[in-house]
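What follows is a set of notes on a single structure, which appears directly below.
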Amino acid sequence: MDLKQLKAFIAIAQLQSFSAAAKMTGISQPSLSRLLKQLETEMNVVLVDRYHRPLQLTAAGLFFYDKISALLIELDAITHMTQRLSAPSKALNIGFVPSVLYGLLPEVIAIFKRQNPDIEVNLKDISSYQQIEALKSGEIDVGFGRFAHQDPWIQQILLRHERYLVALPKAHPLANVKEQRLIDLASSRLILYHQTHLPASITASSISSTNSKKTKQRVEPIADSVTEPLLYLFAQHGVTPLRTSKVSDLQVALGLVAAGEGITLVPASLQVMRTKQISYQRLIHENVTSPIYLHTLKDFIHPKVPDLLSAIYEIYEKRGITYRRQQFV
Ligand code: BEZ
């Protein structure tokens, strides 16, 4: 079994067609077919059912695809990390979710740049889950997000918990109530905006042997109190909002609040947005917070990331923000 055979199999499995896989890999169709046959013969297993169009994986092929695609992603990550170790970059590539941009990120970057004038800083707006793959592929060196990740390649540092505020239209009957309770908000339409996309490994495993589409199946997020962060917070206080709407991002959610369509919860740093139409109020519940994490690879930390963490702690100290100092493993 060799890498060429495995890559041929992955391309055929993903595209469900020899001709499409040939186009993508630049390997001729007969060669691709030969590589797959060699692999199957060596393993003594039929991986692809060739009698169906589009091509389909057998049950064994599906299992093999799942395991091998994860392995090839890891191999790619190892290659990138090794290359980076041999030639440390003069740039620091930072991934971030939009909500941290309204908080302290600009100040963190300003301090870091002042202290490291010879390092080029590149910022990339990228979801929490995508940050994990981007760290492994070397697209980013560090990521700031709001979801915890369990991944053997990744270490996460919990920076702090930011309190959620309620965002209400100015004309809402509760708009001027200073200390809000979740129970009192249950009858207002709650606008949900978190991207609860499942990790890539789950998406990959959803390729079905009976699936006739040529692309990966998307796993649609389910808006319930387990996968949806805002519903989860309400559920922790025994509250189920009567009506909810789901939108694509936080900006749209605040636009709908401004238009009087409902209410939402946002991290406190967002309270500078649309202040003419939106009233932001505190919640009495101290534990209704949104965490901010720094993510980096476990085995390869860009040499400037510790400086970045120091800049963050410097700001927390200066502003009197509560946090617990952590160190890289
Ligand atoms: C913060 O708001 O605490 C924060 C945001 C982005 C990067 C680091 C810290």
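Everything numeric here is computed off the predicted structure, so don't read it as measured data. For ligands, and for the atoms within them, numbers begin at 1 and follow the listed sequence.
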SB check Asp151 Lys136 (cutoff 4.0 Å):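 Looking at Asp151 and Lys136, the cut-off is met.
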Report, in ascending order of atom number, the atoms of ligand 1 lying under 4.0 Å from any heavy atom of [X].
X      : answer
Leu105 : 5 (C), 6 (C), 7 (C)
Ile292 : 1 (C), 2 (O), 3 (O)
Val100 : 5 (C), 6 (C)

If we count only N and O atoms by modelled type, under 3.5 Å, do the side chains of [X] and [Y] hold a donor and an acceptor together?
X      : Y      : result
Tyr323 : Glu317 : yes
Tyr65  : Gln14  : yes
His237 : Asn287 : yes

Proximity to ligand 1 by part of Leu159, non-hydrogen separation under 4.0 Å: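 The answer is the side chain of Leu159.
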Ligand 1 contact on Ile312 by region, counting heavy-atom pairs under 4.0 Å: side chain
Tyr293 vs Ile157, side-chain contact (heavy atoms from CB on, under 4.5 Å): CA-CA, chis, key distance, verdict: CA-CA 6 Å; Tyr293 293 101; Ile157 288 203; over 6 Å; no
Shortest protein heavy-atom distance from atom 3 (O) of ligand 1, along with the residue and atom involved: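 Looking only at protein heavy atoms, the one closest to atom 3 (O) of ligand 1 is Tyr316 OH, 2.5 Å.
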Residue and atom name of the nearest protein heavy atom (relative to atom 2 (O) of ligand 1), distance in Å to one decimal: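 Checking every protein heavy atom, the shortest distance to atom 2 (O) of ligand 1 gives Arg160 NH2, 2.8 Å.
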Whether over 12 other heavy atoms sit under 6.0 Å from Arg325 CZ: yes
